[in-house]
Amino acid sequence: MEIRNRLKALGTCVLVGVLVAVVVPAAAAAGSLAEALRIIQGKEFVDLTHSFSPTTPVWSGFGQATMSAAADPQTQRPYTIEQHGFRTTFYSLVGQYGTHVDPPAHFDPAGMTMDRIPLKQMILPLVVFDMTKIIAREPSHALSVADIADWEKEHGRVPAGSFAALRTDMYKDWEANPQRFKRSPFPAWSLPAVKFLFEQRRVVAIGHESLDTDTTETMESETWLLKNNHYQIEALAQLDKVPATGAVIVVTWPKVKNGFGFPARAFAILP
């Protein structure tokens with residue numbers, strides 16, 4: 001009887017031990033996620049996205065967006081709050097409009113479409129290359145590998161898995177001086193710099209304030225980027241309010257099936 005009781009007690013201890021081993025880590029994991037959210041909500045957020053409208057700067061080959069009150073298809077009468085209790089807008093615009101995502105499929109027939117970009121690639125550590133001092137003396141400078149080396153001497157190695165953004169302060173002309181914003185040439189990425197970031201530093205994506213990655217006639221940087229199954233965000237804003245390292249970028253867009261690009265929403269969470 002005594003042996004049986006000891007075995008029973010031993011079995012109870014084993015069961016309790018198993019439950020503790022399973023439940024405690026689960027509770028700790030839940031607590032850590034809640035703690036992470038509490039920390040995040042206490043941080044400063046910076047909107048990296050432009051509002052867009054029918055007058056937004058856009059490549060001339062696409063043309064401006066149009067926006068009008070959506071109407072009843074039967075009567076053609078616009079919906080109004082007074083008559084129908086709601087209102088909505090009919091939008092007609094190219095995918096590459098405003099702050100937007102370029103998925104690989106934008107240039108590559110076999111490339112990944114925007115609905116297939118992994119969710120984990122939409123929240124990433126953010127590094128910012130500030131070119132404003134360089135372009136003060138060379139307005140159409142293209143970021144070089146040497147520029148990245150100089151940046152790393154000050155800020156450390158670009159972390160693998162990052163989102164690399166190019167600060168030029170062009171965004172300030174988006175509404176204030178749209179014609180100047182659309183100037184060409186403009187400060188951009190060089191192809192060696194883009195290849196270095198993806199191949200040697202293993203960044204996940206890049207972004208910039210201009211409407212194009214580079215100003216070469218063949219768009220060599222953008223072509224290489226997209227045809228190597230990477231995505232980018234164009235027409236970013238307010239990178240001057242984000243530190244060189246330590247922030248996190250969150251970027252997302254509508255899940256258009258087999259989509260080649262669409263306006264995106266990007267924001268940074270500061271350290």
Side-chain angles (χ1 to χ4, degrees), residues 46-81 84 86-109 111-117 119 121-122 163 165-166 168 170-184 186 188 205-215 219 221-223 225-227 230-239 249-268:
V46 175
D47 195 347
L48 304 179
T49 315
H50 286 290
S51 298
F52 64 81
S53 73
T55 61
T56 286
V58 66
W59 179 52
S60 59
F62 290 147
Q64 301 300 141
T66 59
M67 305 176 188
S68 58
D72 184 327
Q74 300 298 322
T75 66
Q76 302 303 313
R77 294 175 59 184
Y79 292 110
T80 65
I81 291 177
H84 306 95
F86 71 93
R87 58 185 174 182
T88 188
T89 304
F90 181 85
Y91 300 93
S92 177
L93 50 85
V94 68
Q96 276 68 23
Y97 201 78
T99 302
H100 62 269
V101 60
D102 280 342
H106 179 40
F107 274 27
D108 185 355
M112 180 168 52
T113 51
M114 55 190 280
D115 53 319
R116 295 189 175 96
I117 295 175
L119 292 175
Q121 291 190 14
M122 298 182 189
F163 183 107
L166 186 62
T168 59
M170 282 183 66
Y171 87 91
K172 295 178 180 179
D173 291 325
W174 181 263
E175 291 186 354
N177 192 342
Q179 290 306 313
R180 173 172 164 73
F181 177 85
K182 293 189 291 185
R183 67 188 181 275
S184 183
F186 52 83
I206 66 170
H208 39 268
E209 299 174 44
S210 57
L211 291 174
D212 280 307
T213 318
D214 57 84
T215 55
M219 294 190 289
S221 297
E222 185 164 357
T223 300
L225 168 84
L226 298 178
K227 289 195 173 184
H230 306 299
Y231 83 86
Q232 66 176 5
I233 301 295
E234 295 193 306
L236 287 168
Q238 299 199 118
L239 288 171
I249 189 171
V250 180
V251 59
T252 187
W253 46 81
K255 192 176 180 180
V256 179
K257 187 174 183 178
N258 299 325
F260 303 150
F262 212 83
R265 188 67 186 268
F267 63 90

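Any value given below was found using the heavy atoms of this structure, including those in side chains, with hydrogens, waters and symmetry copies removed.
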With sequence neighbours excluded, residues passing side chain to side chain contact (heavy atoms under 4.5 Å, CB included) with Pro54: Met67
Thr99 (side chain) donor-acceptor with Leu236 (main chain) under 3.5 angstrom: no
Flag if over 12 foreign heavy atoms under 6.0 Å of CD, Gln121: yes
Distance-only donor-acceptor check, side chains Asp212 and Ser210, under 3.5 Å: no
Heavy-atom pair with the smallest gap, counting every atom of Gly98 and Phe52: CA-CB, 4.3 Å
Atom CZ of Arg183: over 12 foreign heavy atoms under 6.0 Å: yes
Under the ring pair (Phe, Tyr, Trp, His ring centres under 6.0 Å) test, residues paired with His106 that sit two or more places apart: none
Nearest atoms (heavy-atom pairs only) where Asp214 meets Phe186: O-CZ, 3.9 Å
Nearest non-hydrogen partners of Val101 and Ala264, listed with the distance: N-CB, 4.0 Å
N/O donor-acceptor pair under 3.5 Å between Asp173 side chain and Arg180 backbone: no
Donor-acceptor pair between Asp102 and Gln96 side chains, under 3.5 angstrom: yes
Aromatic plane relationship, His50 with Tyr171 - under 30° parallel, 30 to 60° tilted, over 60° perpendicular: tilted
Where Ile249 and Phe163 come nearest, the two heavy atoms and their spacing: CG2-CB, 3.6 Å
